[in-house]
Amino acid sequence: MAAADGVPVSAKTKVVITLPFDRLRGQVRGLATTLTDDQLTPACVRRLACEADILPMVLGSAGEPLDLGRTTRLATPAQRLALWHRDGGCTYPGCSIPPTWCEAHHVTHWCDGGPTDQTNLALLCGRHHTLVHERGLTATVTAFGVTWHT
């Protein structure tokens, strides 16, 4: 799961979820279903997706697969090292969690078209990562750091 120096080289989570795109986007209420029939809220799916391998499957009205999407979207080890250097740890105001304990968060979520590049990534500890998703916070990212706002 992680390289000798602590840089993750694979996803923390691999969950197969069925969720219509309009539910994921919050346009329609409803739950996602896993292969084991567990029910997850769209908010939970978005939170898990930040550090998971995802293969989005777009389904037609009869449930037929239309598009299998892309799978390369996680921050690379080199990107994580650059984030460690730039952010120095969790970017949430007042948090002192070190960078090696943080997750790479897409400021504009990947499923909303957000790219996996330095200008769209920010380090967050697990607690603040969840909080950012729950509160729908966004951030401004520069070459020198991250500023969070509602």
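Just so it is clear, the model here is predicted, and its values are computed rather than measured.
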Q: Could you check Leu123 against Glu103 for side-chain contact (heavy atoms from CB on, under 4.5 Å), going step by step and ending with a plain yes or no?
A: CA-CA 5 Å; Leu123 290 180; Glu103 302 164 348; over 6 Å; no
Q) Hey, mind stepping through Leu121 and Val107 against side-chain contact (heavy atoms from CB on, under 4.5 Å) and telling me if it holds? A) CA-CA 6 Å; Leu121 295 171; Val107 174; over 6 Å; no
Q: Could you check Arg86 against Val141 for side-chain contact (heavy atoms from CB on, under 4.5 Å), going step by step and ending with a plain yes or no?
A: CA-CA 10 Å; Arg86 183 194 71 200; Val141 180; 3.3 Å; yes
Q: For the pair Leu124 and His105, evaluate side-chain contact (heavy atoms from CB on, under 4.5 Å) and give the outcome as yes or no after the intermediate values.
A: CA-CA 7 Å; Leu124 288 168; His105 168 75; 3.7 Å; yes
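Looking at Glu134, its side chain never comes within 3.5 Å of a backbone N or O of His129 through a donor-acceptor pair. Looking at Asn120, its side chain never comes within 3.5 Å of a backbone N or O of His106 through a donor-acceptor pair.
Across every non-hydrogen atom of Ala104 and Leu83, the tightest pair is CB-CD1, 4.0 Å. When all heavy atoms of Thr119 and Asp117 are compared, the pair lying nearest together is OG1-OD1, 2.8 Å. Contact between Cys95 and Cys125 at its shortest, heavy atoms only, is SG-SG, 3.9 Å.
Between Tyr92 and His128, the two ring planes are parallel [angle under 30°; tilted spans 30° to 60°].
Contact annotation: the side chain of Pro99 never approaches that of Asp87 to less than 4.5 Å [non-hydrogen atoms, C-beta and beyond].
Pairs passing the side chain to side chain donor-acceptor pair (under 3.5 Å) check and including a residue from residues 135-147, sequence neighbours excluded, read Thr140-His149.
In the model, Thr91 has a side-chain atom that pairs as donor or acceptor with a side-chain atom of Trp148 under 3.5 Å.
Residues Val146 and Leu131 share a single hydrophobic cluster, defined by chaining ILVMFWY side chains whose heavy atoms lie under 4.5 Å apart.
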